[in-house]
Amino acid sequence: QVQLVESGGGLVQPGGSLRLSCAASGRSFSTYAMAWFRQAPGKERTFVGGITWSDNKAYYADLAKGRFTISRDHAKNVVHLQMNTLELEDTAVYYCAATSPGDYYRPISVRASYDYWGQGTQVTVSS
């Protein structure tokens, strides 16, 4: 059973930075890709960024390009999301997700591609 646990959320002022982390655990954890999604109140859960586990290729939503960086620590089964220049509109619950191993045909940015989800961590951008 795969478990994903997010950390690093909190309250930050506009223009500030936060670094989210997601630790994956489970017997012989393996995945094709991990990603971050976010969900603001009253809105759908949307893709932020994803990364392939074996070859470390990163993908970003337009909202994240130039501001956010996704990275992974393969040895520790951890994925990070470095968020810079945060804006009020970035306020949301951020969720970590992982695919099952071997799901190479699944698009990285699609929510349905992911079989495992964390509980989410709140990010609030406010002055």
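Both Leu18 and Trp36 are members of a single hydrophobic cluster when ILVMFWY side chains are connected at heavy-atom separations under 4.5 Å. In the hydrophobic cluster analysis, where Ile, Leu, Val, Met, Phe, Trp and Tyr join through side-chain heavy atoms closer than 4.5 angstrom, Leu63 is grouped together with Val125.
For the pair Arg111/Phe47, no side-chain contact is recorded, criterion being any heavy-atom separation below 4.5 Å from C-beta on. For the pair Met34/Tyr116, no side-chain contact is recorded, criterion being any heavy-atom separation below 4.5 Å from C-beta on. The shortest side-chain heavy-atom distance between Phe68 and Asn84 does not fall under the 4.5 Å cut-off.
The disulfide (SG to SG under 2.5 Å) pairs that include a residue from residues 35-94 number zero, where partners must be two or more places apart or lie in different chains. Applying the disulfide (SG to SG under 2.5 Å) test to residues at least two apart or on different chains, the pairs with a partner in residues 16-124 are Cys22-Cys96.
Of the N and O atoms on the side chains of His80 and Ser21, at least one donor lies less than 3.5 Å from an acceptor on the other residue.
The aromatic ring centres of Tyr95 and Phe37 sit 6.0 Å or more apart.
Heavy-atom contacts from other residues, nucleotides or ligands closer than 6.0 Å to CD of Gln119 number 12 or fewer. Around CD of Glu87, the count of heavy atoms belonging to other residues, nucleotides or ligands within 6.0 Å exceeds 12.
Tyr94 and Arg38 make their closest contact through OH-NH1, 2.9 Å (heavy atoms, listed as atom of the first residue, atom of the second, distance).
Distance CG/Leu86 to OG/Ser17: 6.0 Å, rounded to 0.5 Å.
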